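Just so it is clear, the model here is predicted, and its values are computed rather than measured.
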Amino acid sequence: PPPPPPPPPPFSSRRRHTRCCSWSRGLGDVYKRQQQDYFSDGITDDVTTDLSKVGALRVVARQSAYHYKNTSASLEDIARDLNVRYIVEGSVQKANEKIRINVQLTDASSGHHLWAERFDRDLVDVFAIQDEIAQHIIDATFVTLSEQETARVKFNTTTNFEAYDLFLRGQEYSKNRTREDYDSTMDAYRRALELDPNYARVYGAMAVELTRGYRNLWTNLSFEEAREHSLKLAKKAVALDQSTPQIYWALGFVHLFRKEFAEAEAATQQSISLSPNYADGYGLLAFIANWRGKAKEAERYITKAIGLNPYHTFDYPWNLGLSYYIAGRYSEAIDPLLDALNRNETAAYPRMFLAASYVRLGQMDDAEWEMGQVIMQRPDTTASHLALTLPFEHEAQLNKVLDDLKKAGLPD
């Protein structure tokens with residue numbers, strides 16, 4: 001028989017915003033570009049998620065695509081840097097009740113434009129536009145979808161635009177990981193659910209945010225109340241939608257911090273089953289493996305995640321540094337933990353494990369300085385609270401970390 005056809009080459013999506021301007025006379029003022037970033041980022045994220053459900057495409061993660069936002073780098077350079085062939089560029093503008101989305105798909109190896117289109121629609125049509133964009137890209141790259149992929153790729157979300165807009169605002173607030181932004185995130189999610197009580201993505205996102213909230217002492221709920229409510233929210237999300245990888249990721253994240261490791265792994269594996277290119281899914285599997293003391297497995301998963309998402313957030317080097325600490329490779333843990341803090345200087349957990357690594361290396365001045373920064377940023381941080389919230393499977397590993405942190409100056 002003839003040999004099978006080669007798999008389609010990998011693909012990347014990126015977005016380039018146009019300068020602010022009016023679309024047409026009488027349309028009204030267009031929002032300033034920075035005020036629309038959360039919205040265009042959300043659309044990019046959704047389209048990327050839909051395409052990542054196609055097993056025949058290697059889709060670069062959204063954070064790596066964002067690295068090229070508003071840059072003047074050539075498509076050829078971007079394709080070479082990300083090891084992809086196809087690149088999607090686009091711009092998003094919205095004003096009053098109208099939206100304009102320009103999209104262009106280019107084969108970077110030849111410079112040929114494979115498809116381009118401008119969508120001038122009402123805001124409420126944004127969901128249909130995202131479906132159309134994903135389908136056009138799939139058609140232009142000659143990918144044949146399985147029956148299961150066809151069902152999954154169709155955009156599955158709310159039909160209420162105001163609820164969608166509030167969800168995207170909440171996602172933007174949550175990136176900052178501060179008490180003030182936690183409150184803003186939860187408020188945006190609550191208002192979204194008032195508009196659409198069946199919006200599955202919001203339940204999942206709220207479950208994740210509440211889990212972060214009780215870990216960081218940002219919620220007024222008790223520890224047990226917050227844990228139970230976060231699980232209830234995550235299960236509600238899955239009951240409403242079994243086709244979105246982020247929803248199963250949220251369930252896995254919640255189970256992890258309840259120390260329900262088998263359930264956490266099963267949910268996260270399901271997220272990858274739905275989206276083979278889901279870098280954050282591999283990242284969460286690494287996180288779960290770390291807390292179970294499986295450092296080599298964690299390193300393997302996070303290396304896979306970094307390959308899919310080379311321009312990653314602080315969570316990736318934090319995860320890698322954690323695996324080195326757990327494996328007893330303390331000197332190797334320093335660089336990735338410092339990298340995590342360079343990407344997010346307010347991240348407390350990478351700083352704590354950096355302090356613990358310095359203790360193990362005998363660098364007590366460095367350890368005490370790092371712990372002092374943690375306490376200055378989060379004065380409520382104590383050993384007793386960490387004993388509740390660090391999800392180690394084995395008590396001996398938890399005691400080891402707490403002992404290191406106490407030596408660095410962590411109060412009881």
Side-chain angles (χ1 to χ4, degrees), residues 10-52 57 59-79 81-82 84-108 110-141 153 155 157 161-162 164-169 171-172 175 309 311:
F11 141 112
S12 168
S13 70
R14 73 159 179 171
R15 202 173 55 294
R16 180 183 290 164
H17 294 276
T18 58
R19 293 182 179 274
C20 295
C21 58
S22 296
W23 298 351
S24 61
R25 186 173 300 174
L27 187 60
D29 293 336
V30 176
Y31 285 18
K32 293 180 180 179
R33 187 179 66 195
Q34 60 266 34
Q35 292 176 300
Q36 298 197 44
D37 274 0
Y38 79 94
F39 187 75
S40 59
D41 286 354
I43 290 176
T44 303
D45 192 10
D46 287 334
V47 173
T48 301
T49 295
D50 285 346
L51 292 170
S52 72
L57 289 173
V59 184
V60 171
R62 65 191 187 282
Q63 293 101 335
S64 292
Y66 291 172
H67 178 76
Y68 296 98
K69 177 179 175 179
N70 301 319
T71 69
S72 58
S74 71
L75 297 188
E76 184 179 6
D77 288 342
I78 295 170
D81 189 23
L82 296 179
V84 297
R85 177 175 174 181
Y86 300 118
I87 294 179
V88 178
E89 299 176 274
S91 64
V92 177
Q93 294 173 312
K94 67 186 179 81
N96 298 331
E97 299 302 315
K98 296 291 183 180
I99 187 170
R100 168 175 289 176
I101 300 178
N102 289 286
V103 191
Q104 179 174 282
L105 173 68
T106 302
D107 184 338
S110 64
H112 292 156
H113 300 316
L114 302 181
W115 167 71
E117 191 161 339
R118 186 177 79 185
F119 301 87
D120 287 322
R121 305 273 186 88
D122 293 334
L123 276 175
V124 295
D125 293 330
V126 68
F127 313 117
I129 294 172
Q130 291 178 74
D131 274 347
E132 292 177 43
I133 291 172
Q135 190 59 56
H136 278 301
I137 292 169
I138 290 167
D139 291 344
T141 52
V153 166
F155 190 67
T157 186
F161 176 80
E162 290 182 35
Y164 179 62
D165 190 66
L166 284 165
F167 168 68
L168 296 183
R169 289 180 185 274
Q171 294 275 278
E172 186 68 19
K175 294 177 183 178
N309 187 10
Y311 293 102

Give, for atom [atom1] of [X] and atom [atom2] of [Y], the distance between the pair rounded to the nearest 0.5 Å.
{"X": "L168", "Y": "I43", "atom1": "CG", "atom2": "CD1", "answer": "7.5 Å"}
{"X": "Y164", "Y": "D46", "atom1": "OH", "atom2": "CG", "answer": "3.5 Å"}
{"X": "Q93", "Y": "D120", "atom1": "CD", "atom2": "CG", "answer": "9.5 Å"}
{"X": "E89", "Y": "T44", "atom1": "CD", "atom2": "OG1", "answer": "12.0 Å"}

Quiz item: Could you walk me through whether Y311 and L82 pass the side chain to side chain contact (heavy atoms under 4.5 Å, CB included) check?
Solution: CA-CA 9 Å; Y311 293 102; L82 296 179; 3.9 Å; yes
Practice problem: Mind running side chain to side chain contact (heavy atoms under 4.5 Å, CB included) on I133 and I101 for me, showing each step along the way? | Solution: CA-CA 10 Å; I133 291 172; I101 300 178; 4.2 Å; yes
Do [X] and [Y] come within less than 4.5 Å of each other through their side chains, counting heavy atoms only?
{"X": "F161", "Y": "I99", "result": "no"}
{"X": "Y86", "Y": "D107", "result": "yes"}
{"X": "Q135", "Y": "I138", "result": "yes"}
{"X": "E117", "Y": "V103", "result": "no"}

Using the side-chain contact (heavy atoms from CB on, under 4.5 Å) criterion, which residues pair with [X]? Sequence neighbours excluded.
{"X": "E172", "value": "Y38, D41, K175"}
{"X": "D122", "value": "K98, V124, D125"}
{"X": "E132", "value": "F119, R121, A128, H136"}

Quiz item: Where is the tightest heavy-atom contact between L75 and I87, given as atom of each residue plus distance?
Solution: O-CD1, 3.5 Å
Practice problem: Please check if atom CD in E162 has more than 12 non-hydrogen atoms from other residues, nucleotides or ligands closer than 6.0 Å. | Solution: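 It does not: E162 CD has 12 such atoms or fewer within range.
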